Student: 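Here it is, the structure in full.
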Number of protein chains: 2
Amino acid sequence: MTGIAQRVAGFEGQLKDAGLRMTQQRRLILRVLAEADDHPDAKGIFTRAFALDPTLSLSTVYRTMKVLETQGAIERHAFEDGVSRYEHADQEHHDHLIDIESGEVIEFSSDAIEELQRRIAAELGYELVRHRLELYGRKKRPGVRGKKG
Amino acid sequence: MTGIAQRVAGFEGQLKDAGLRMTQQRRLILRVLAEADDHPDAKGIFTRAFALDPTLSLSTVYRTMKVLETQGAIERHAFEDGVSRYEHADQEHHDHLIDIESGEVIEFSSDAIEELQRRIAAELGYELVRHRLELYGRKKRPGVRGKKG
DNA sequence: TCCTTATTGCAAATGTTTCGCAACTGCATT
DNA sequence: AATGCAGTTGCGAAACATTTGCAATAAGGA
């Protein structure tokens, strides 16, 4: 029910409209991205794709990510570790919570926080264009309640 | 009223307590940082400091920033452009709004947003350790009201 | 099938930050 | 004031992630 094939086909049309070509490499990278449910970096994408087609190069991954980002097909994030991580952009906006122990990335969204940000920007005389919000936290142990032990 | 000299002296004691030394270079960099009211990157700090002492090296700036960060004397941020930017940490916590046209960085703080973040993390089963919040916005023209023209 | 041109792989170049190492310098102690 | 041990520095080279020049290749419309 993931619709990977459709998604890839969708991108194909999108690329065509922009005068770009749907190459084997792009198809491959698109497939890897569609199958990913995490936030891989360029090397991670390369590794996965390379396993399916060892003629692929890392440069092409970078170039493709740039094209896809321009097309709005993916989103790029840079968390604390500094490297660019990617995710497909077919879901609604969300922010990220990063488990500082495992590195796991959890997605969340909050209308309240979006609204609050907009208001804060407005109070400073700005129109909010975009934002970056990352929460870094530690998993609470199940038995522990709010305060004290 | 800035108290740069006192601040530098304060760091001196702090360093001493950690078994570190107050060198000419550190004094210089500290002074540059204290005088900065923006968020310079390593090269920017180096440039300003180099003007006062051309024997300083960029490596030393990087090393010093690491020491100071460990000591909690400064904070490091990485905005969208990827490079590390620094600011002295003698003020209370705040987040940043970046003017996407001028690159200017405006500081702000909001208890409401802090609290909201804590609550969101808690709802996901996490204890919030730290966060990164950057707003990217465009300056509103003075005459424009809330909605429409 | 042919042609134009976008795209690729490769290696070299970037830009930022780190590191090895020998020379140097705080600074606590004589 | 002189001494000695470590912490520090400057320099160049290395480590990284990412970008780019270029000649070869391959989409995909004619």
Side-chain angles (χ1 to χ4, degrees), chain A residues 8-9 11-32 39-47 49-71 73-86, chain B residues 8-9 11-32 39-47 49-71 73-86:
Chain A
V8 172
F11 285 139
E12 184 152 357
Q14 207 174 328
L15 289 176
K16 199 161 293 179
D17 293 347
L20 303 174
R21 294 171 184 173
M22 173 51 72
T23 62
Q24 291 304 320
Q25 293 85 333
R26 285 179 183 166
R27 216 184 304 277
L28 174 61
I29 290 169
L30 242 22
R31 153 161 238 100
V32 166
H39 299 69
D41 60 8
K43 197 177 292 179
I45 294 165
F46 171 68
T47 302
F50 187 83
L52 301 174
D53 174 2
T55 69
L56 181 71
S57 81
L58 182 55
S59 314
T60 297
V61 172
Y62 276 109
R63 279 191 279 234
T64 300
M65 299 325 281
K66 196 168 286 185
V67 168
L68 294 179
E69 193 188 359
T70 303
Q71 294 303 307
I74 62 168
E75 269 178 26
R76 178 171 48 182
H77 303 290
F79 301 143
E80 274 190 344
D81 61 7
V83 308
S84 290
R85 314 190 92 85
Y86 307 88
Chain B
V8 172
F11 285 140
E12 184 152 356
Q14 207 174 328
L15 289 176
K16 200 161 292 179
D17 293 346
L20 304 175
R21 293 172 184 170
M22 174 51 70
T23 62
Q24 291 304 320
Q25 293 85 334
R26 285 179 183 165
R27 217 183 304 275
L28 175 60
I29 291 168
L30 242 22
R31 154 161 237 101
V32 167
H39 299 69
D41 61 7
K43 197 177 292 179
I45 294 166
F46 171 68
T47 302
F50 187 84
L52 302 174
D53 174 3
T55 68
L56 181 70
S57 80
L58 182 55
S59 314
T60 296
V61 173
Y62 275 109
R63 279 191 280 234
T64 300
M65 301 325 281
K66 196 168 286 186
V67 168
L68 295 178
E69 192 188 358
T70 302
Q71 295 302 306
I74 62 168
E75 269 179 26
R76 178 171 48 178
H77 303 289
F79 302 143
E80 274 189 345
D81 61 6
V83 310
S84 291
R85 314 191 94 83
Y86 307 88

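Remember, predicted model here, so these are calculated numbers, not experimental data. Chain letters run A, B, ... following the sequence lines, proteins first, then strands; residues in each count from 1. No hydrogens, no waters, no symmetry mates; every other heavy atom, side chains included, goes into these values.
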Student: Heavy atoms, side chains only, cut-off 4.5 Å: are Val67(B) and Leu15(B) in contact?
Tutor: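 The answer is yes, as the side chains (C-beta and beyond) meet within the 4.5 Å cut-off.
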Student: Work out which heavy atom in Val61(B) is nearest to a heavy atom in Ile29(B); give both atom names and the distance.
Tutor: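 Where Val61(B) meets Ile29(B) most closely, the heavy atoms are CA-CD1, 3.9 Å.
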Student: Would you mind telling me which residue lines up with the more 5' stretch of DNA chain D, Arg26(B) or Arg76(A), judged by nearest nucleotide?
Tutor: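 Per heavy-atom nearest nucleotide, the more 5' residue is Arg26(B).
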Student: What integer distance in Å separates Leu30(A):CG from dT7(C):P?
Tutor: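 Value for this atom pair: 13 Å.
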Student: What is the distance, rounded to the nearest whole Å, between atom CG of Leu28(A) and atom C1' of dG9(C)?
Tutor: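 These atoms are roughly 15 Å apart.
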Student: If you take any heavy atom closer than 4.0 Å to DNA chain D, which residues from residues 58-70 of chain B end up in contact?
Tutor: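 Only Ser59(B), Thr60(B), Arg63(B) qualify.
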Student: Take atom CD of Glu12(A) and atom P of dG29(D), then tell me their distance rounded to the nearest Å.
Tutor: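 Atom CD in Glu12(A) sits about 10 Å away from atom P in dG29(D).
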Student: If you assign Met22(B) and Gly82(B) each to the DNA chain C nucleotide with the nearest heavy atom, which residue ends up on the more 5' nucleotide?
Tutor: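 With Met22(B) and Gly82(B) compared, the 5'-side residue is Gly82(B).
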Student: Ring-plane angle category for Phe79(B) and His77(B), please: parallel below 30°, perpendicular beyond 60°, tilted otherwise.
Tutor: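 The arrangement is parallel - the two ring planes meet at less than 30°.
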Student: In whole angstrom, what separates Ile29(A)'s CD1 from dG9(C)'s C1'?
Tutor: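 From Ile29(A) CD1 to dG9(C) C1': 13 Å.
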Student: Do the side chain of Gln14(A) and the main chain of Gln71(A) share a donor and acceptor less than 3.5 angstrom apart?
Tutor: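 Side chain of Gln14(A) to backbone of Gln71(A), a donor-acceptor pair under 3.5 Å: yes, one is there.
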Student: Measure CZ/Arg27(A) against P/dA26(D) and give the value in whole Å, please.
Tutor: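 Going from CZ in Arg27(A) over to P in dA26(D) covers 14 Å.
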Student: How bent is the helix from dT1(C)-dA30(D) to dT30(C)-dA1(D), comparing axes over its five end pairs at each side, to the nearest 10°?
Tutor: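 It works out to 20° between the end axes.
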Student: Within the structure, does a side-chain N or O atom of Gln25(B) lie under 4.0 Å from either OP1 or OP2 of dG26(C)?
Tutor: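 No, no such contact exists.
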Student: Is the shortest distance from a Lys or Arg side-chain nitrogen in Glu12(A) or Arg26(A) to a carboxylate oxygen in the other one below 4.0 Å?
Tutor: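 Arg26(A) and Glu12(A): not salt-bridged.
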Student: Round to the nearest Å and state the distance from Phe46(B) atom CZ to dT18(C) atom C1'.
Tutor: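 Whole-Å distance recorded here is 16 Å.
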Student: Quick one: Lys16(B) NZ to dG7(D) P, roughly how many Å, whole number?
Tutor: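 To the nearest whole Å, that distance equals 16 Å.
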Student: By nearest heavy atom, map Arg85(B) and Arg21(B) onto DNA chain C; which one lands nearer the 5' end?
Tutor: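 Looking at DNA chain C, the more 5' nearest nucleotide goes with Arg85(B).
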Student: Determine the minimum heavy-atom distance between Glu69(B) and Ile74(B), stating which atoms define it.
Tutor: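 Heavy atoms of Glu69(B) and Ile74(B) come nearest at N-CG1, 3.6 Å.
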Student: So, do Ile45(B) and Met65(B) sit near enough that their side-chain heavy atoms are less than 4.5 Å apart?
Tutor: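 Touching, per the 4.5 Å side-chain cut-off.
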Student: Let me know the distance between CG of Leu15(B) and C1' of dT8(D), rounded to the nearest Å.
Tutor: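 In whole Å, dT8(D) C1' lies 12 Å from Leu15(B) CG.
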Student: Where is the tightest heavy-atom contact between Leu56(A) and Ala49(A), given as atom of each residue plus distance?
Tutor: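 Between these two residues, the closest heavy atoms are CD2-CB, 3.4 Å.
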Student: Backbone N or O of His39(B) within a donor-acceptor pair of the Arg85(B) side chain at under 3.5 Å?
Tutor: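 Answer holds: yes.
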